Amino acid sequence: MLKSIKVAILALCMPLAAMAAEYKENVHYETLTVEKSKTPRVLEFFSFYCPHCFKFEGPARALEASLPAEVPFVKSHVNFMRGLPPEAQSYLSYGYLIAKQHGVDSQVVNEIFKTIHVQQSQFRTMDDVKKLLAAHGVSAEKFDAALASMPIISAEKAMQDEQKRFSEAGALKGVPSFIINDKYIVKISSLSSQADFNNLVKYLLEKE
């Protein structure tokens with residue numbers, strides 16, 4: 001899985017032209033044994049602690065920018081990375097959700113990835129996350145208020161529920177994972193370029 005992701009990341013970074021492709025099940029995507037979503041959406045499971053998610057952030061953002069306005073791109077932070085307590089991983093889930101609520105999620109995502117993978121530092125407590133958001137305009141008071149609010153509590157629980165649901169469906173064998181309409185999971189190892197990634201997702205969004 002890790003080797004496949006590395007190859008896919010390198011391919012996506014290449015300025016290759018899109019080729020007409022016939023996308024095939026079990027080659028380019030897998031079909032999950034869950035109910036298809038009633039409305040289109042793209043769901044990315046990721047972890048700030050995953051180096052491949054860090055390197056795939058650029059392609060993920062480019063994919064999001066290519067989507068129709070009515071198709072939401074949902075980032076869901078997992079807490080199952082080995083060697084780290086789930087609660088410590090959930091600190092970053094809360095941090096991401098609060099940053100998103102205040103419209104600074106892009107900056108905060110970049111800073112979290114940079115702190116972990118470039119500076120080789122850690123977020124050991126919720127206070128560490130709070131300080132990061134304060135540097136991006138979310139005061140300690142606003143952070144504490146959001147952390148205790150039902151919208152943020154519910155959103156974090158929804159992340160864990162989604163993680164459990166798709167893990168039980170056999171979809172989460174690693175991150176990053178991209179699931180389309182709750183039904184189709186992209187086989188990252190099959191991707192040859194950013195255009196191929198975008199086109200495959202478009203195909204799956206329209207698939208009956």
Side-chain angles (χ1 to χ4, degrees), residues 1-15 42-65 73-149 152-153 155-160 162-163 167 172-178 186 188-189 191 194 197:
M1 176 70 176
L2 297 183
K3 183 177 180 181
S4 297
I5 290 176
K6 288 179 181 178
V7 171
I9 291 170
L10 289 172
L12 287 171
C13 291
M14 294 179 180
V42 176
L43 174 60
E44 179 200 5
F45 284 101
F46 78 106
S47 171
F48 285 115
Y49 291 101
C50 165
H52 306 291
C53 297
F54 171 45
K55 293 178 180 178
F56 222 87
E57 182 64 13
R61 289 193 180 186
L63 170 66
E64 181 179 11
F73 182 93
V74 181
K75 291 178 78 72
S76 189
H77 187 251
V78 302
N79 65 359
F80 58 56
M81 298 294 285
R82 294 179 182 177
L84 295 161
E87 60 271 19
Q89 298 179 64
S90 290
Y91 295 157
L92 295 182
S93 297
Y94 282 111
Y96 167 69
L97 290 168
I98 294 171
K100 186 176 180 181
Q101 185 183 69
H102 286 83
V104 293
D105 45 310
S106 293
Q107 302 95 303
V108 168
V109 165
N110 286 343
E111 198 65 31
I112 293 175
F113 273 132
K114 180 181 175 182
T115 299
I116 294 173
H117 299 287
V118 178
Q119 299 173 357
Q120 300 293 305
S121 188
Q122 296 290 329
F123 294 87
R124 301 188 184 282
T125 68
M126 191 67 86
D127 280 344
D128 291 338
V129 180
K130 186 189 299 187
K131 290 176 183 176
L132 172 64
L133 266 72
H136 291 276
V138 182
S139 68
E141 292 77 14
K142 289 180 179 179
F143 184 94
D144 289 339
L147 189 62
S149 68
I152 294 298
I153 292 170
E156 197 279 334
K157 183 180 184 302
M159 277 187 175
Q160 292 199 35
E162 294 260 60
Q163 175 181 310
S167 290
L172 289 183
K173 300 171 185 175
V175 287
S177 289
F178 296 87
V186 171
I188 290 176
S189 60
L191 301 176
Q194 183 71 55
F197 189 21

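Note that the coordinates shown come from a computational prediction; the quantities given were computed from them, not determined experimentally.
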Checklist entry - Passes side-chain contact (heavy atoms from CB on, under 4.5 Å), Phe56 versus Val175? Steps please. => result CA-CA 10 Å; Phe56 222 87; Val175 287; over 6 Å; no

Next on the checklist: The test is side-chain contact (heavy atoms from CB on, under 4.5 Å); show your working for Glu44 and Val74 and say whether it passes.
Outcome noted: CA-CA 6 Å; Glu44 179 200 5; Val74 181; over 6 Å; no

Next on the checklist: Go through it in stages, so that I can follow the logic: the residues are Gln107 and Glu111, the test is side chain to side chain donor-acceptor pair (under 3.5 Å), and I'd like the CA-CA distance, side-chain angles, deciding distance and then a yes or no.
Outcome noted: CA-CA 6 Å; Gln107 302 95 303; Glu111 198 65 31; over 6 Å; no

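Rounding to the nearest 0.5 angstrom, the gap separating the CG atom in Asp105 from the CG atom in Leu97 is 9.5 Å. Expressed to the nearest 0.5 Å, how far SG of Cys50 lies from CD of Glu57 amounts to 11.0 Å. Here NE2 of His77 is found 10.5 Å from OH of Tyr96. Values are rounded to the nearest 0.5 Å. Going from atom CG of Leu84 over to atom CG of Asn79 covers 10.5 Å, rounded to the nearest 0.5 Å. Taking CZ of Phe80 as the reference point, atom CD of Gln89 lies at 8.5 Å (rounded to 0.5 Å). Atom CD in Gln163 sits 10.0 Å away from atom CE in Met159 (nearest 0.5 Å).
The shortest non-hydrogen separation linking Gly95 to Val129 is CA-CG1, 3.6 Å. Closest heavy-atom contact between Glu162 and Leu43: OE2-CD2, 4.1 Å. Looking at every heavy atom in both residues, Ser106 comes nearest to Arg61 through O-NH2, 3.0 Å. When all heavy atoms of Pro176 and Phe178 are compared, the closest pair comes out as CB-CE1, 4.0 Å. Annotation for Ile98 and Val138: closest pair CG2-CG1, 4.2 Å, computed over non-hydrogen atoms. Residues Leu133 and Ala99 approach most closely at CD2-N, 3.7 Å, considering heavy atoms.
Between the side chain of Gln194 and the backbone N or O of Pro59 there is at least one donor-acceptor pair closer than 3.5 Å.
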Using residues 118-126 as the side-chain source, report each donor-acceptor pair under 3.5 Å to any protein atom, sequence neighbours left out, with the distance given to one decimal.
{"residue": "Gln120", "atom": "NE2", "partner": "His117", "partner atom": "O", "Å": "2.9"}
{"residue": "Thr125", "atom": "OG1", "partner": "Asp127", "partner atom": "N", "Å": "3.3"}
{"residue": "Thr125", "atom": "OG1", "partner": "Asp128", "partner atom": "N", "Å": "3.3"}

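A salt bridge links Asp144 to Lys130: at least one charged side-chain nitrogen sits closer than 4.0 Å to a carboxylate oxygen.
Side-chain contact check for Phe113 versus Phe46: some heavy-atom pair is nearer than 4.5 Å.
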